[in-house]
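Below is one structure, written out as structure tokens; comments come after it.
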Amino acid sequence: MTGRPHLLRTAATIGVCAAILTMSACGGSTRAKIGAETTALPAAGVSLSASATPSPADQAALQRVVPAPTTATAATGTFTLTSAATIHADPGAEPVATELAAYLKQQTGLALPTTANTDAGIRLLLRPTGGDPALGAEGYTLTTTPTSVTLTAATDAGLFHGVQTVRQLLIGDKLQAGTITDHPRFAYRGVMLDVARHFFSVADVKAYIDAAALYKVNEFHLHLSDDQGWRLTVPGWPKLAAVGGSTQVGGGHGGYYTAADLKEIVDYAASRSMTVIPEIDMPGHVGAAVYAYPTLACDGRRHGPVTSVSPGYDALCPSSESTYRFVDSAMKAAADATPGSPYLHLGGDEAQALNLTRYNAFVQRAQNLVAAHDRTPIAWAEAGTAPLLPQTILEYWNTGQPQPSVLQAAAKGTKLIMAPGDHAYLDQQPVADFRLGLHWAGYVPVSKAYDWDPVTVLPGVSPSSVLGVEAPLWTETVKSLADAETLAFPRLPAIAEIGWSAPNTHDWPGFSHRLADQAPLWDKLGIAYYKSPEVPWG
Ligand code: TNX
């Protein structure tokens, strides 16, 4: 447990909370503290009547949000959503307004029209220059009064994140009055879905994206190839999808995405302010590619499909020029299929079949091929042994002591995405004998998924090296969307909060209550989740 931020924040806030609110309403949250402080200091000329002081219940109603916002100040009263409400969108904000209308229909059954009229009850305001610069590109302000709900942001991404806050604050048809200002701690807040071990339909992938969007995740990393399946069509290499796509763990029929399928996923993610980062895992984890094209491996021998869960021992042949023609075709296909993403993940993990010299030579060339397609390369932490391009990002997935090569790379300026297996891996079982998942990194209960800090989890790494966090979901044991959600919820929201919220909001008891508050929404949306005994479900 990363005790320090927790202890500091408790010491700083407990007195205020205890003075004004009950502890259960305060939940140890900074937001309650801010609300309490603000109500104690009325603006000059404003006289506060007793009824103008927000009650503990008002504070609690504004405390429902995951990830915890930067500040929240409850006011008295509520906004009531009725069929007479309309949604105003500033020019450029119409797509977010359409999403908000769809979400409200899903949650309340009310079909609210959008309007150009700025007197609308719900307003989405784009203020690219005139807003609050401290909120940055993804931040927003939400101001709710008994007569209006106003979201203001510099970008549509900020408005979209604010919409997620509105969804979470809505209890029945009521929204608590008050003001929230909010912005993310880290630029990169990702989830990863492994569609190689088990294939997931486009509809399932979209549902997973939608569930992650509720927690202000902005990167969707799609693990498109592994030993057990190749899921992307590559021009000039038809057998990759046709043969390499025909397998999965356990011997099922697998599947693959056409360019049109991936466009549908990318467009859907974009409508949720998320970019899709494709991963083609190389030079190890290539069993499906080698099954389709045996000459990609140095020995060139044909073998059957990999359907077991253990990592295969195939590798691309680093000394063959045709390997790099293949790598270039695959990288180009992945880049072409995912417009809008600055990144492309080249894998690089667990290439046991190659010695270090050959592995490093491969990684070096693969990075250049990614860069040639105008993408910033991302690679799993092992790639830190190779000479890295200045812009290449490493994704740390290991547990315990970091590899010296990762520390050295970070010291030289390499940025890191933190996905430590013993905190952020959604495929690790929350408890022993759980129906799904693995436990090579130990068990990861919700409290452990929540209790870490990306800037201290790797001793020796400077905070400025940390680009953000990711919650990977490997699918060796995951066969359906419901399985995926059962492993992801409620731990995905925990990791999303680690990525979004300021460290001074960190507080397990408060968080566990806010998680419990999410459950009615998951029930309504049909999101499956694990009823962890650590969470005080209502
Ligand atoms: C390690 S994490 C892997 C994956 C497995 C995962 C299972 C990483 C880069 N490689 O191939 O699916 O463990 O938890």
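Both counts, for ligands and for their atoms, begin at 1 and track the order of listing.
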**Message:** Can you tell whether the side chains of Arg189 and Glu470 come within less than 4.0 Å, N to carboxylate O?
**Reply:** no
**Request:** Would you check ligand 1 and list the protein residues that come within less than 4.0 Å of it by any heavy atom, ordered by chain and number?
**Result:**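 Only Arg197, His285, Asp349, Glu350, Trp380, Trp397, Tyr425, Asp427, Gln428, Leu438, Trp440, Trp474, Glu476 have heavy atoms that fall under 4.0 Å of ligand 1, ordered by chain and number.
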**Prompt:** Is a donor on one side and an acceptor on the other found under 3.5 Å between the side chain of Gln391 and the backbone of Thr376?
**Reply:** no
Give the table of side-chain donor-acceptor pairs shorter than 3.5 Å for residues 232-243, with sequence neighbours excluded, one pair per line with atom names and distance.
{"from": "Trp237", "atom 1": "NE1", "to": "Ser329", "atom 2": "OG", "distance (Å)": "3.0"}

**Asked** Among side-chain atoms of Tyr140 and Thr165, is any donor-acceptor pair under 3.5 angstrom?
**Response** yes
**Request:** Kindly write out the residues that satisfy ring-ring contact (aromatic ring centres under 6.0 Å, His included) with His223, not counting sequence neighbours, or none if the list is empty.
**Result:**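 His223: ring-ring contact (aromatic ring centres under 6.0 Å, His included) contacts with Trp474.
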**Item:** Pairwise side chain to side chain donor-acceptor pair (under 3.5 Å) hits with a residue in residues 343-354, at least two apart
**Value:** His285-Asp349, His285-Glu350, His345-Glu395
